[in-house]
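One structure is given below, encoded as structure tokens.
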Amino acid sequence: MLHGAIHEITRGTVVNDLKSYIRNVLEANHADNEKIERRIARLESEGRRIVAGGQINETAWDIVDWRTNEILAAGDDGLDGFEAAGKDLDPDDKWIHYDRVLEDTEPTWVEDEGLPDGLADVIEDWALSGDAEEIAEFVGWPVDKVELYQD
């Protein structure tokens, strides 16, 4: 009988720790997204344009406006063509690649509660891209909050 009670207490503690970890992952993701949005707003207020795209394969490339998804340029003449188009379209060097914005934004570290890295990665992936209703039910949050924090 005592063994069963200890097992239930341990199981309850593990489940509560897991729920807490998932909430922390969602909260960190939301905080990071807000930092990125503030950085982009600051850059845009300085006259910078956020772009995406780059090399698609050995020869093909594109340059895309991050905010509108407008293709600003595309080609199949390799890295030389890509660099030339970038210089032609942005002679004042006012554009910044979205990847650079991400690199310049320090991500929030979530303590993994002693989980093995592989398991922590799986849980994080599930928390950030899994079914919002299922996650909300498990962690005790409203679905709309989970959806907001997953974005």
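The structure presented is a predicted model; accordingly, all values stated were derived computationally and were not measured. Scope of the values below: all heavy atoms of this structure, side chains included, with no hydrogens, waters or symmetry mates. Numbers here simply count residues along the sequence, with the first being 1.
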Quiz item: Closest approach of F82 and I63, non-hydrogen atoms and distance?
Solution: CE1-CG1, 3.6 Å
Quiz item: Looking at D151, L128, T108, V110, which hits side chain to side chain contact (heavy atoms under 4.5 Å, CB included) with N29?
Solution: L128
Practice problem: Please check if any side-chain donor atom of W61 sits under 3.5 Å from a side-chain acceptor atom of D77, or the reverse. | Solution: yes
Self-check item: Heavy-atom side-chain contact between V51 and L72 under 4.5 Å
Solution: yes
Self-check item: E133 atom CD, neighbour heavy-atom count above 12 within 6.0 Å
Solution: no
Self-check item: Sidechain-backbone polar pair: H30 side chain, V25 backbone, donor-acceptor under 3.5 Å
Solution: no
Could you go through residues 135-148 and list every donor-acceptor pair under 3.5 Å that involves a side-chain atom there, pairing it with any protein atom two or more places apart or in another chain?
none

Quiz item: Do the side chain of E46 and the main chain of R48 share a donor and acceptor less than 3.5 angstrom apart?
Solution: no
Self-check item: CG/N57: more than 12 non-hydrogen atoms of other groups inside 6.0 Å
Solution: yes
Practice problem: Please round to the nearest 0.5 Å and tell me the distance separating atom CG of N24 and atom CD of E124. | Solution: 11.5 Å
Practice problem: Count the heavy atoms of every other residue, nucleotide or ligand shown that sit under 6.0 Å from CD1 of I71, and state whether that count exceeds 12. | Solution: no
Quiz item: In terms of hydrophobic clustering (I, L, V, M, F, W, Y; side-chain heavy atoms under 4.5 Å; direct or indirect links), are L102 and I96 co-clustered?
Solution: yes
Self-check item: salt bridge (charged side-chain N to carboxylate O under 4.0 Å, His left out) involving D32 - partner list, sequence neighbours excluded
Solution: K35
Quiz prompt | Minimum side-chain heavy-atom gap W109-E111 below 4.5 Å | solution = yes
Quiz item: Are the side chain of T105 and the backbone N or O of V101 linked by a donor-acceptor pair below 3.5 Å?
Solution: yes
Self-check item: Same apolar cluster: W126 and Y149, side chain cutoff 4.5 Å
Solution: yes
Practice problem: Using modelled atom types only, decide if a donor and an acceptor are shared between the side chain of R49 and the backbone of W95 within a distance under 3.5 Å. | Solution: no
Exercise. Under the salt bridge (charged side-chain N to carboxylate O under 4.0 Å, His left out) rule, collect the residues that match up with R38, sequence neighbours excluded.
Key: none
Quiz item: Are T68 and D65 close enough that a side-chain donor and a side-chain acceptor fall under 3.5 Å?
Solution: yes
Quiz item: Roughly how far, to the nearest 0.5 Å, is CD1 of I50 from CZ of R39?
Solution: 8.0 Å
Quiz prompt | Heavy-atom neighbours of E58 CD exceed 12 at 6.0 Å | solution = no
Quiz prompt | Contact summary for Y98 and I36, nearest pair of heavy atoms | solution = OH-CG2, 4.0 Å
Exercise. List the atom of Q150, the atom of A132, and the distance in Å for their closest heavy-atom pair.
Key: OE1-CB, 3.8 Å
Quiz prompt | Closest heavy-atom pair and its distance - L26, A127 | solution = CD2-O, 3.3 Å
Quiz item: Does A120 offer a backbone N or O that forms a donor-acceptor pair with the side chain of D112 under 3.5 Å?
Solution: no
Quiz item: Hey, are D104 and R100 close enough for a salt bridge, meaning a charged N less than 4.0 Å from a carboxylate O?
Solution: yes
